[in-house]
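The figures here come from the full heavy-atom set of this structure, side chains too, leaving out hydrogens, waters and symmetry mates.
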Amino acid sequence: MQWTLVIPLKPLARAKSRLADTAADGVRPGLALAFAQDTVAAALACAAVEDVVVVTDDELAGPTLRALGARIVPDAPGSGLNAALGHGASVVRQSRPAAAVAALNADLPALRPVELSRVLDAAAEYPRAFLADAAAVGTTLLSAAPGRPLRPAFGTDSRARHRASGAAELGLAEVNSVRQDVDTGEDLRAALALGVGPYTAAVSAGLLIPES
């Protein structure tokens with residue numbers, strides 16, 4: 001099964017506020033963009049991915065991610081993460097009703113194409129499925145097979161909410177790069193230990209990453 005990934009990205013000026021202890025106000029937008037660049041580049045290199053749609057209104061991120069090969073869809077709802085994901089999935093299926101769609105976080109700078117492929121191949125066995133994040137509280141990927149609604153419930157305690165919605169939880173081992181999203185300095189330290197992509201590596205060089 002080939003997948004279309006829908007990646008939401010809020011305006012960079014408002015992104016990654018919880019990294020305040022690690023990156024100054026002037027650095028965080030560039031760091032958020034670097035996360036998205038490494039995420040999109042790895043996703044497009046994944047054998048199970050047909051294309052990538054990024055839902056964003058950011059005037060810098062849109063052209064930058066388009067240059068990597070992503071399709072950019074404006075955040076027409078403008079009412080939060082789940083609405084943006086629902087809109088992106090709807091846009092995809094307007095032209096390709098039978099598309100297999102998966103929502104993916106934009107902050108996976110250590111993402112490995114081979115690990116993402118393993119997750120998507122496993123997700124293909126279910127009508128809807130999700131992968132919990134490294135903290136085992138949130139979600140980094142939510143999939144919907146052809147003909148199935150995405151029904152995203154990202155945000156606080158999304159692991160529990162996606163499970164309650166009937167989505168199957170993928171209990172895969174050795175897919176750490178797909179689980180390791182970055183919200184805090186400690187998260188960034190963990191991603192760097194896994195090995196981040198070139199965009200994040202360049203922007204994060206010299207940052208003081210908090211120790212555990």
Side-chain angles (χ1 to χ4, degrees), residues 3 5-10 12 15-24 26-52 54 56 60-61 64-70 102-123 129-143 154 158-159 169-212:
W3 295 84
L5 302 187
V6 179
I7 299 177
L9 183 63
K10 67 172 64 175
L12 298 176
K16 298 301 162 192
S17 59
R18 291 171 62 191
L19 280 170
D21 65 341
T22 301
V27 176
R28 288 198 302 276
L31 202 53
L33 178 57
F35 294 165
Q37 287 173 287
D38 284 325
T39 301
V40 167
L44 287 168
C46 175
V49 173
E50 181 173 349
D51 58 350
V52 172
V54 177
T56 188
L60 174 59
T64 301
L65 298 174
R66 184 183 294 114
L68 291 178
L104 184 71
N105 287 8
D107 58 350
L108 298 168
L111 187 63
R112 302 284 191 272
V114 171
E115 292 184 12
L116 177 59
S117 186
R118 287 188 60 218
V119 173
L120 292 171
D121 288 348
F130 73 95
L131 186 74
D133 65 7
V137 174
T139 304
T140 57
L141 182 144
L142 172 70
S143 68
F154 286 83
S158 64
R159 179 189 184 189
E169 181 168 3
L170 301 173
L172 299 174
E174 299 182 2
V175 291
N176 292 340
S177 76
V178 196
R179 296 185 187 273
Q180 188 58 66
D181 54 355
V182 177
D183 288 317
T184 66
E186 188 59 31
D187 293 336
L188 180 53
R189 185 168 174 266
L192 290 169
L194 288 174
V196 297
Y199 299 101
T200 302
V203 177
S204 61
L207 289 178
L208 180 61
I209 312 299
E211 294 290 334
S212 56

Task: Verdict with reasoning, E169 to F130, per side chain to side chain contact (heavy atoms under 4.5 Å, CB included) - done: CA-CA 5 Å; E169 181 168 3; F130 73 95; 3.4 Å; yes
How long is the span from the [atom1] atom in [X] to the [atom2] atom in [Y], to the nearest 0.5 Å?
| X | Y | atom1 | atom2 | result |
| --- | --- | --- | --- | --- |
| R18 | L188 | CZ | CG | 13.0 Å |
| L65 | I7 | CG | CD1 | 8.0 Å |
| T22 | E186 | OG1 | CD | 9.0 Å |

TODO: Assess whether side chain to side chain donor-acceptor pair (under 3.5 Å) is satisfied between T140 and N105, documenting all intermediate values.
DONE: CA-CA 5 Å; T140 57; N105 287 8; 5.5 Å; no
Check [Y] with [X], please: is the shortest side-chain N to carboxylate O separation under 4.0 Å?
| X | Y | value |
| --- | --- | --- |
| R118 | E115 | no |
| R159 | D133 | no |
| K16 | D107 | yes |

Without swapping roles, check the side chain of [X] against the backbone of [Y] for a donor-acceptor pair under 3.5 Å.
| X | Y | answer |
| --- | --- | --- |
| R112 | A110 | yes |
| S143 | A129 | yes |
| S158 | T139 | yes |
| D38 | Y199 | yes |
| T200 | V196 | no |

Open item on the list: Under the side-chain contact (heavy atoms from CB on, under 4.5 Å) test against L116, which residue among V175, L131, L5 passes?
Closed with: L5
Task: Identified side-chain contact (heavy atoms from CB on, under 4.5 Å) partner of S117 from the options L120, D121, V114 - done: D121
For [X] and [Y], work out which heavy atoms get closest and say how close.
| X | Y | value |
| --- | --- | --- |
| L19 | G185 | CD2-N, 3.4 Å |
| Q37 | L68 | O-CD1, 3.6 Å |
| A43 | L111 | N-CD2, 4.1 Å |
| R179 | G171 | NH2-C, 4.3 Å |
| A106 | P8 | CB-O, 3.3 Å |
| V54 | A70 | CG2-CB, 3.8 Å |

Task: Step-by-step side chain to side chain contact (heavy atoms under 4.5 Å, CB included) determination, F35 to L108 - done: CA-CA 6 Å; F35 294 165; L108 298 168; over 6 Å; no
Task: Pair T56-K10, side chain to side chain contact (heavy atoms under 4.5 Å, CB included): steps then yes or no - done: CA-CA 6 Å; T56 188; K10 67 172 64 175; over 6 Å; no
